[in-house]
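Remember, it's a predicted structure, so these values are computed and weren't measured experimentally.
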Amino acid sequence: MPVYKQRLKEEAPVQRDVARWTDQSVAALQDALDDADWDMFRRSSDDVNMFTEAVVGFIGKLTDNTVQKTTIRMFPNQKPWVDKTIRDALRSRSAAYNMGLATGDMDEYTAASYNVCRAVKEAKRRYGRKIEAQFPHGGSRSLHVQTSDVQTIPLSPTTGIHHDSMTESRSLFLDLLY
């Protein structure tokens, strides 16, 4: 009989390097890009591909030098909407609980618990808006309907060409892809 294993115990936490974009790093990067001699790249490359590769490499090197990197741990069971606001609310709730145990007054803990619930709801809403913004025309259902319309375009039996009435759906799908 198969035994269930928790995802947290099945996979190890992953260490990731994340760029921390601050106002100072953006300003420093902007200054470095403003001071760059872009004509040097144009003169040094004959091909558009080489020019593009050189410019992208230069910008990547500038970014690596100016933007601070931070290593974070991501657990396999970590929800994508859990962010710093929720972790801060959880820390304040724990501190309020410990203070309440010491003093006997749990009112502060109750308020902090409500703040955690509010923070979780707001973080879920933010994450939902972020995901929905990636889909055109208001949601994943409309994307599914548009792609299924394109997949079921009938072919003309004589020519094998799509009917003109479905050309609009096909062009909409291609616009979604590119």
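The salt bridge (charged side-chain N to carboxylate O under 4.0 Å, His left out) test applied to Glu108 returns no partner, not counting sequence neighbours. For Arg125, the salt bridge (charged side-chain N to carboxylate O under 4.0 Å, His left out) partners at least two apart in sequence or on another chain are Glu122. Legend: residues meeting side-chain contact (heavy atoms from CB on, under 4.5 Å) with Thr85, ordered by chain and number and at least two apart, are Asp83, Arg126. Legend: residues meeting salt bridge (charged side-chain N to carboxylate O under 4.0 Å, His left out) with Arg87, ordered by chain and number and at least two apart, are absent. Partners of Pro80 according to the side-chain contact (heavy atoms from CB on, under 4.5 Å) rule, which considers only residues two or more places apart in sequence or in another chain, are Tyr127. Considering only residues two or more places apart in sequence or on other chains, Asp35 meets the salt bridge (charged side-chain N to carboxylate O under 4.0 Å, His left out) condition with none of them.
A donor and an acceptor atom, one from each side chain of Ser113 and Thr110, are nowhere located under 3.5 Å apart.
Here Leu101 is tied into one hydrophobic group with Tyr97, Met106, Tyr109, each link being a pair of ILVMFWY side chains closer than 4.5 Å. Cluster partners of Val14: none. The rule joins Ile, Leu, Val, Met, Phe, Trp and Tyr whenever side-chain heavy atoms lie under 4.5 Å apart, and it links nothing here. The other members of the hydrophobic cluster of Met74, by chain and number, are Val18, Ile72 (side-chain heavy atoms under 4.5 Å, ILVMFWY only).
At a threshold of 4.0 Å, the pair Arg42-Asp37 does not count as salt-bridged, since none of the basic side-chain nitrogens sits closer than that to a carboxylate oxygen.
For residues 53-73, every residue pair satisfying the ring pair (Phe, Tyr, Trp, His ring centres under 6.0 Å) rule, not counting sequence neighbours, is listed here: Trp38-Phe58, Phe41-Phe58. Counting only residues at least two apart or on different chains, the side-chain hydrogen bond (donor to acceptor under 3.5 Å, both in side chains) pairs with a member in residues 63-81 are Asp17-Thr71.
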Distance-only check: which donor-acceptor pairs under 3.5 Å involve side-chain atoms of residues 49-57, not counting sequence neighbours?
residue : atom : partner : partner atom : Å
Thr52   : OG1  : Val48   : O            : 2.8

